[in-house]
Amino acid sequence: MKNFRSSALLSFFLLALLAGLPCWPVAPIALAVTEPQELLADPRLESEAERIGAQLRCLVCQNESIEESEAPLARDLRRAVREQLREGRSEKQIMAWMQARYGDFIRLTPPFSRLTALLWATPLLALMGGLFLARRFWTRPAEPPTLDPLAEQGDDD
C-alpha cells in the first residue's frame, strides 16, 4: 500500500512539474498575414516584424499574438509595427509605443515590475512548495508497531 501511494505521489509530482515547464521546442507560429501587400519587401524587416508581432497580444483574441490573430484590430497593429519598422524605429521603440497606447497588457510576456513580481515568482514558489511536501511525505517517521492484544495474552498464559 505504501509503495502504491509513493508511486502515485511521485507520478503526480512529475506530472505537475512537467505541466509547469514551458512547451519546448516552440511550435512555429501560424501567421495570419495573408495579404501580400501587408508583408514588407525586405525579408529581414519582415522577419523582425513577425518576431515583434509574436510578442504582442491581440486585444480581441487575448490568447493569440497579433501575428496569429485574424481580428481587424490585430491587422491594424501589424500594420503599425511594419510602418514603424519601415520608418527605422527599433524593437524597443515599437514596444514602448505599443505599451504607451495599450498598457502592459499588450505584451504576451509581462515586464518584471513591483506589480508583476508575484506573477514571476509563482512557478518558483510552486516548485518549492512541491519539494517541501514531497520531502515531508518521504521523510515521515515509520509507523509504530501495532500491539496485538491476542499476542500479549498468549505470553501471559
Novice: Could you check whether any side-chain heavy atom of S69 comes within less than 4.5 Å of a side-chain heavy atom of R75, counting everything from C-beta outward?
Specialist: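 Side chain of S69 against side chain of R75, heavy atoms only: no contact under 4.5 Å found.
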Novice: Would you give the length of the straight line joining atom CD of E83 to atom CZ of R89, rounded to the nearest 0.5 angstrom?
Specialist: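 Taking CD in E83 and CZ in R89, the distance rounds to 9.5 Å.
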Novice: R82 versus E46: any side-chain heavy-atom pair under 4.5 Å?
Specialist: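 Yes - at least one pair of side-chain heavy atoms lies under 4.5 Å apart.
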Novice: Within the 4.5 Å heavy-atom criterion, are P111 and D104 side-chain neighbours or not?
Specialist: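 P111 reaches D104 side chain to side chain.
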Novice: Working to the nearest 0.5 angstrom, can you tell me the gap between R78 CZ and L40 CG?
Specialist: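 Output value for this atom pair is 12.0 Å.
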Novice: Going only through I, L, V, M, F, W and Y residues with side-chain contacts under 4.5 Å, is there a path from V60 to M98?
Specialist: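 Yes; tracing contacts between hydrophobic side chains, which count when under 4.5 Å, links both residues.
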Novice: Could you go through I106 and L77, starting from their C-alpha distance and side-chain angles, then the distance that decides it, and tell me whether this counts as side-chain contact (heavy atoms from CB on, under 4.5 Å)?
Specialist: CA-CA 11 Å; I106 191 77; L77 292 175; 4.1 Å; yes
Novice: Would you call L59 and F105 a side-chain contact if the rule is heavy atoms closer than 4.5 Å?
Specialist: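 Side-chain contact under 4.5 Å: yes.
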Novice: Looking at every heavy atom in both S65 and G53, which two are closest together, and how far apart are they?
Specialist: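 Between these two residues, the closest heavy atoms are CB-O, 3.4 Å.
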Novice: Give a yes or no answer on whether the side chain of W120 reaches the backbone of P110 with a donor-acceptor pair at less than 3.5 Å.
Specialist: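 Present.
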Novice: Decide yes or no for D42 and L85: does some side-chain heavy atom of the first lie under 4.5 Å from some side-chain heavy atom of the second?
Specialist: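 With C-beta onward as the side chain, the pair stays apart.
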Novice: Are any side-chain N or O atoms of Q93 and backbone N or O atoms of S90, one a donor and one an acceptor, separated by less than 3.5 Å?
Specialist: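 Present.
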Novice: Salt bridge (Lys or Arg N to Asp or Glu O under 4.0 Å) for R51 and E91? Distances and angles first, verdict last.
Specialist: CA-CA 9 Å; R51 192 173 49 78; E91 177 183 348; 2.8 Å; yes
Novice: Could you check if a side-chain atom of Q55 sits within less than 4.5 angstrom of a side-chain atom of L108, using non-hydrogen atoms only?
Specialist: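 Side-chain contact under 4.5 Å: no.
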Novice: Whether E48 and R44 form a salt bridge (side-chain N of Lys/Arg under 4.0 Å from carboxylate O of Asp/Glu) is what I want to check.
Specialist: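 Salt bridge flag = yes for E48 with R44.
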Novice: Mark yes or no for whether R57, through its side chain, and R107, through its backbone, hold a donor-acceptor pair below 3.5 Å.
Specialist: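 Answer holds: yes.
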Novice: Look at the side-chain heavy atoms of Ile, Leu, Val, Met, Phe, Trp and Tyr, link any pair under 4.5 Å apart, and say whether W97 and M95 land in one connected group.
Specialist: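 Yes, same cluster.
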Novice: Hey, what do you get for OG1 (T109) to CG (L56), rounding to the nearest 0.5 Å?
Specialist: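 So the gap between those two atoms works out to 10.0 Å.
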Novice: Following the transitive rule for hydrophobic clusters with a side-chain heavy-atom cut-off under 4.5 Å over Ile, Leu, Val, Met, Phe, Trp and Tyr, establish whether I66 and L73 coincide in one cluster.
Specialist: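 Cluster IDs for I66 and L73 match.
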